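Since the structure is predicted, the reported quantities are computational estimates derived from the model, not experimental observations. Below, chains carry the letters A, B, ... as their sequence lines are ordered, and counting in each starts from 1.
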Number of protein chains: 2
Amino acid sequence: MSTGQTRRGNTRQRIQDVALELFSEHGYEKTSLREIAEKLEVTKAALYYHFKTKEDIVISLFQDLARPCDELIAWAEGQPRTLETKLEVIRRYNEALRSAEPLFRFMQENQAAVRDLSIGETFKARMLTLFGLLKEDDAELTDQVRCITALFSMHAGMFAMQHVEGDPEEKRRAILEVATELVTAANPPNRRPVRPDSAQTASP
Amino acid sequence: MSTGQTRRGNTRQRIQDVALELFSEHGYEKTSLREIAEKLEVTKAALYYHFKTKEDIVISLFQDLARPCDELIAWAEGQPRTLETKLEVIRRYNEALRSAEPLFRFMQENQAAVRDLSIGETFKARMLTLFGLLKEDDAELTDQVRCITALFSMHAGMFAMQHVEGDPEEKRRAILEVATELVTAANPPNRRPVRPDSAQTASP
DNA sequence: GTCTATACCTAGATAGAC
DNA sequence: GTCTATCTAGGTATAGAC
């Protein structure tokens, strides 16, 4: 008996689908349980059978996003901290975003709402971990900005590039390319002072 | 000097200040008028005397942000579309962000709430205009991503860099530097030959 | 110009029938 | 598993006294 509830198909799954759709469309706060219930042609009480609270719905959605991210972090932490590893992190993260695009758009556009939703801290921590994986330990400020920008450009890109004509897949590749460049620039090949005649190397 | 903090002349201004503070802190939807009123030690009705609706408060806040942005756009549209102009746009935009940081953070974190608030479209249009000013007309996809990333890195940077140690002013400069590099990379000289002696309206 | 008091609505959430 | 019915709390907004 793999799955218990069978009678009406999986209502739980349908609730998640509709909830994510409405959360993304109108925002978390403005989406009411009544609205979700109506779209599913059930009552609010039916929702409460499957989820204890409204927040529980969003937490359950977050699982789908968390898994690939955690796997990515776990993988990266077992790798040498080389540039190749970092670029692979960017590549895989870009892939993870693609597979959970609506959810990520929701997270991006509802930061304020998500923040005090208890998964907010989790999400932020994950971003900081990824950031730590990308940057050098003693990185300069501009290189840190490059790494953060690389991460955020993949988030913001999905939403911002909607108004640019072009194939979505090509856009994704273009975003990945720029992010790759940023991380590469932030991780100079060998951090040795390669200027033998460094009489005045402009240090601002 | 007994500065009575409840001066009755500038209630409107005080409402704006407290509203922005709470909107930034808890998000737009979760901030109630009751909360604003309590913090000001007035009643909700007093708020409604100064602003027709809750949305009106946010619109009034938006004016402060809109003015410098509009001035920047107006200025840029009267300039030749050179790389120098574009870099100056980035520089001035970065400055505009600095002078209205809490508001911009609010806009960034409450996109979903702001979207159907009637100023959402205005805001988006402004971003697209800025984007159009930065990119070449026939720019490749990656160059367009570079320009968008330059803009968004300045937005996201302010929020994301909070967890990085360092002087805020230095961080701002680092962000500006990376944004400048992105726009520069997106406007390569070889794609559009720079003609140093072209007949152009004299720029001061 | 500001407040008291309140109208009216919808939210999230629960109890118990079927 | 889903329903009806209902609770409580809080929301936006208004009328009218001072």
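- If you take NZ of A:K30 and C1' of D:dG11, they are 13 Å apart, rounded to a whole angstrom.
- Between B:I36 atom CD1 and D:dG11 atom P there is a gap of 10 Å when expressed in whole angstrom units.
- The phosphate of C:dT2 (OP1 or OP2) has a side-chain N or O of B:T11 nearer than 4.0 angstrom.
- For A:E121 (side chain) and A:S118 (main-chain N/O), no donor-acceptor pair under 3.5 Å exists by modelled atom type.
- For A:T43, no side-chain nitrogen or oxygen approaches OP1 or OP2 of D:dT2 to under 4.0 Å.
- With rounding to whole Å, A:H50 atom NE2 is found 13 Å from D:dC3 atom C1'.
- For the pair A:K54 and A:Y28, the cation-pi test (distance below 6.0 Å, angle within 45°) is passed.
- As a whole-Å value, the separation of A:R14 CZ from D:dG1 C1' is 12 Å.
- Atom C1' of nucleotide D:dA9 and atom CD of B:E35 are separated by 14 Å, given to the nearest angstrom.
- Remark: C1' of C:dG1 and CG of B:L47 are 14 Å apart, rounded to the nearest angstrom.
- The nearest pair of heavy atoms linking B:E55 to B:L117 is OE2-O, 2.5 Å.
- Spacing between atom OH of B:Y49 and atom P of C:dT4 amounts to 17 Å, rounded to whole angstrom units.
- Between B:H155 and B:Y93, the ring planes are tilted. Angles from 30° to 60° get that label.
- When all heavy atoms of B:E29 and B:A113 are compared, the pair lying nearest together is OE2-CB, 3.4 Å.
- Side-chain N or O atoms of B:N94 include none that pairs as donor or acceptor with a backbone N or O of B:L176 at under 3.5 Å.
- Rounded to an integer number of Å, the gap from CD of B:E38 to P of C:dC3 is 13 Å.
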- [ ] For each nucleotide in nucleotides 12-18 of chain C, reading 5' to 3', give B when a protein heavy atom comes within less than 4.0 Å of its base, S when such contact involves only the sugar-phosphate, and - otherwise.
- [x] BBBB---
